[in-house]
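Below is one structure, written out as structure tokens; the observations come after it.
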Protein chains: 2
Amino acid sequence: MSRNPPENTGPAETELRQAIELLFYAYRDFIAEPDAMLAHHNLGRAHHRTIYFIGRYPHITVNELLDILKITKQSLNRVLGQLLNEGYVIQTTSAQDRRRRLMELTEKGRGLERQLTENQRIRIARAYKDAGPDAVAGFRKIMLGVITDDKDRHRFDPPKTV
Amino acid sequence: MSRNPPENTGPAETELRQAIELLFYAYRDFIAEPDAMLAHHNLGRAHHRTIYFIGRYPHITVNELLDILKITKQSLNRVLGQLLNEGYVIQTTSAQDRRRRLMELTEKGRGLERQLTENQRIRIARAYKDAGPDAVAGFRKIMLGVITDDKDRHRFDPPKTV
DNA sequence: CCATTTATATCAATAATACTGACATATATT
DNA sequence: AATATATGTCAGTATTATTGATATAAATGG
């Protein structure tokens, strides 16, 4: 019987620490500029996330949003209430199930979303272009590995056409 | 004169959106378990970040921490005050410049840091192992591309030996 | 040596994001 | 008709962050 190859002990401590820090720094820098812009509109980061995902999944319901954002209904309600009040988002009632509120962005909402996300797009586009397609594939693999899998798959489907 | 190759128009819209979402989901899931653990100690995410970077850079000063965390002095002070009070961190005064407070973790602080970060290490280790070394290299490249460069380089140096 | 800068700390007021828990209403399902 | 689901809302609280003002000690520059 042949001996097994040496155990793969996994990534070294330094490598793990670096990854943790990369995530921290990337996230920190990723939200800095949108946060600053949001402040001018008297909105916060939570509004950005909400607007983003409503734009991403037009006709999304409250429960679907809650599932993505992983916050409580009460928290979302405050944010959503403001966005509705200030005309960034409109609700319609589902014809199939009249309990459901289908959310979508107004023109104003789409405008703000575009503004807010533009800086993030530029960052990603630059990083992708500089690093090349192989790096992009690796990045995706690792990120997907870090994310907790969940059964209800609403993620990474191609955006619905509006 | 030969014609130039077609312009690289950069990553497609769908690709950019996916990257934004990968960052959101990864960060969301990355902090979920540490947050839950912190709650048992009546501490929050800010304490984790602070403990982490003090562990990472023993003898770090207040200003250096502020520069990493990008929060205000007043915010950090509350967090740091609690950590000192509760014996997770100790301060010593720099001999070279007696205005400077050098922070390091106590045994208790190291214990908590290990506990909090363990889940994150496991996530990274699994993702790295599953995706392989090329993916890791790609991941690093992209993440570094996303991070805002800054002149004062305290990042990604090998940890100082304690 | 004196003026200025740097490093840290602290007080007060406020905002944003989130939480738990309770309760209400409309609609759908069984 | 009873129950479950989807949403909304009220009340109270915690955490993380902000701005702005002020204080103190120690280092540095002229």
Side-chain angles (χ1 to χ4, degrees), chain A residues 24 27-28 31-32 34-52 54 59-86 89-103 116 152, chain B residues 24 27-28 31-32 34-54 59-86 89-103 152:
Chain A
F24 167 74
Y27 194 77
R28 182 198 66 178
I31 60 180
D35 275 5
M37 302 173 79
L38 286 155
H40 294 303
H41 299 268
N42 289 305
L43 298 173
R45 197 178 298 169
H47 300 90
H48 185 192
R49 293 199 285 258
T50 303
I51 283 182
Y52 177 87
I54 294 174
H59 300 123
I60 193 170
T61 66
V62 171
N63 265 339
E64 288 166 343
L65 260 180
L66 288 176
D67 190 56
I68 291 175
L69 300 174
K70 305 275 191 223
I71 57 174
T72 58
K73 180 176 59 164
Q74 293 91 326
S75 283
L76 178 56
N77 225 266
R78 175 189 57 89
V79 171
L80 210 44
Q82 279 174 267
L83 293 176
L84 287 162
N85 260 326
E86 294 168 31
V89 171
I90 45 166
Q91 284 184 335
T92 57
T93 299
S94 162
Q96 290 76 44
D97 182 341
R98 294 192 358 259
R99 294 171 303 179
R100 286 190 157 93
R101 303 297 140 80
L102 310 181
M103 259 101 50
L116 290 173
D152 30 23
Chain B
F24 167 73
Y27 194 77
R28 183 198 67 178
I31 60 181
D35 275 5
M37 302 172 78
L38 286 155
H40 294 303
H41 298 268
N42 290 305
L43 299 173
R45 198 178 298 170
H47 300 90
H48 185 191
R49 293 198 285 257
T50 304
I51 284 182
Y52 177 86
F53 283 106
I54 294 174
H59 300 124
I60 192 171
T61 67
V62 170
N63 265 339
E64 287 165 344
L65 260 179
L66 288 175
D67 190 57
I68 291 176
L69 300 173
K70 305 274 192 224
I71 57 175
T72 58
K73 179 176 58 163
Q74 294 91 325
S75 282
L76 179 57
N77 224 267
R78 175 189 57 87
V79 170
L80 211 44
Q82 279 174 266
L83 293 176
L84 287 163
N85 260 325
E86 296 168 28
V89 171
I90 46 167
Q91 285 184 336
T92 57
T93 300
S94 164
Q96 289 76 44
D97 183 340
R98 290 188 5 258
R99 293 171 304 177
R100 287 190 155 92
R101 302 297 140 80
L102 310 181
M103 261 99 53
D152 30 21

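Every chain is numbered from 1 and lettered A, B, ... according to where its sequence line falls, protein lines coming before strand lines. Computed over heavy atoms, backbone and side chain alike; hydrogens, waters and symmetry mates excluded.
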Exercise for the section: With A:Leu69 as reference, evaluate A:Asp67, A:Leu65, A:Thr72 under the side-chain contact (heavy atoms from CB on, under 4.5 Å) test and give the passing residue. Expected result: A:Leu65
Fill in the blank from the handout: So the contacted stretch of DNA chain C, first to last nucleotide with an atom under 4.0 Å from a non-hydrogen atom of chain A, runs from C:dA16 to C:dA28
Handout entry: Test log, rule side chain to side chain contact (heavy atoms under 4.5 Å, CB included), inputs A:Leu80 and A:Met103
Key = CA-CA 10 Å; A:Leu80 210 44; A:Met103 259 101 50; 4.0 Å; yes
Completion exercise
chain B vs DNA chain D, heavy-atom contacts under 4.0 Å, first-to-last nucleotide span, 5' to 3', is D:dT15 to D:dA27
Exercise for the section: For the pair B:His47 (side chain) and B:Gly44 (backbone), establish whether a donor and an acceptor sit closer than 3.5 Å, ignoring hydrogens and angles. Expected result: yes
Handout entry: For A:Arg45, all residues meeting salt bridge (charged side-chain N to carboxylate O under 4.0 Å, His left out), sequence neighbours excluded
Key = A:Asp35
Exercise for the section: Apply side chain to side chain contact (heavy atoms under 4.5 Å, CB included) to A:Ile31 and A:His48, showing your working. Expected result: CA-CA 10 Å; A:Ile31 60 180; A:His48 185 192; over 6 Å; no
Practice task
List in chain and number order the residues that pass ring pair (Phe, Tyr, Trp, His ring centres under 6.0 Å) with B:Tyr52, two or more places apart in sequence or in another chain; answer none if no residue qualifies.
Solution key: none
Exercise for the section: Tell me, please, which residues at least two apart from A:Arg98 pass side chain to side chain contact (heavy atoms under 4.5 Å, CB included). Expected result: A:Thr93
Practice task
List in chain and number order the residues that pass side-chain hydrogen bond (donor to acceptor under 3.5 Å, both in side chains) with A:Tyr27, two or more places apart in sequence or in another chain; answer none if no residue qualifies.
Solution key: none
Handout entry: With sequence neighbours excluded, residues passing side-chain hydrogen bond (donor to acceptor under 3.5 Å, both in side chains) with B:Thr92
Key = none
Exercise for the section: Check each residue of residues 72-79 of chain A for a non-hydrogen atom within less than 4.0 Å of any atom in DNA chain D, then write out the ones that pass by number, or none. Expected result: A:Lys73, A:Gln74, A:Asn77
Exercise for the section: Hey, could you give me the CG/CD distance between A:Leu102 and A:Glu64, rounded to the nearest 0.5 Å? Expected result: 8.5 Å
Exercise for the section: For B:Asn63, enumerate each residue passing the side chain to side chain contact (heavy atoms under 4.5 Å, CB included) test, keeping only those at least two apart in sequence or located in another chain. Expected result: B:Thr61, B:Leu66
Exercise for the section: Just call it for B:Gln91: base, sugar-phosphate, or nothing, with non-hydrogen atoms closer than 4.0 Å on any strand. Expected result: sugar-phosphate
Handout entry: Residues that B:Arg49 engages under salt bridge (charged side-chain N to carboxylate O under 4.0 Å, His left out), provided they are two or more places apart
Key = none
Problem - Dot-bracket encoding of pairs in DNA chain C, which uses [ ] for pseudoknotted crossings and | for another strand, Watson-Crick or G-U under 3.5 angstrom - result: ||||||||||||||||||||||||||||||
Problem - Comparing A:Ala46 and B:Leu102 on DNA chain C - which has the more 5′ nearest nucleotide - result: B:Leu102
Practice task
Take B:Arg98 and B:Ile71, find for each the nucleotide of DNA chain D with the closest heavy atom, and name the residue whose nucleotide sits nearer the 5' end.
Solution key: B:Ile71
Practice task
Identify, with sequence neighbours excluded, every residue that meets salt bridge (charged side-chain N to carboxylate O under 4.0 Å, His left out) alongside B:Arg99.
Solution key: B:Asp97
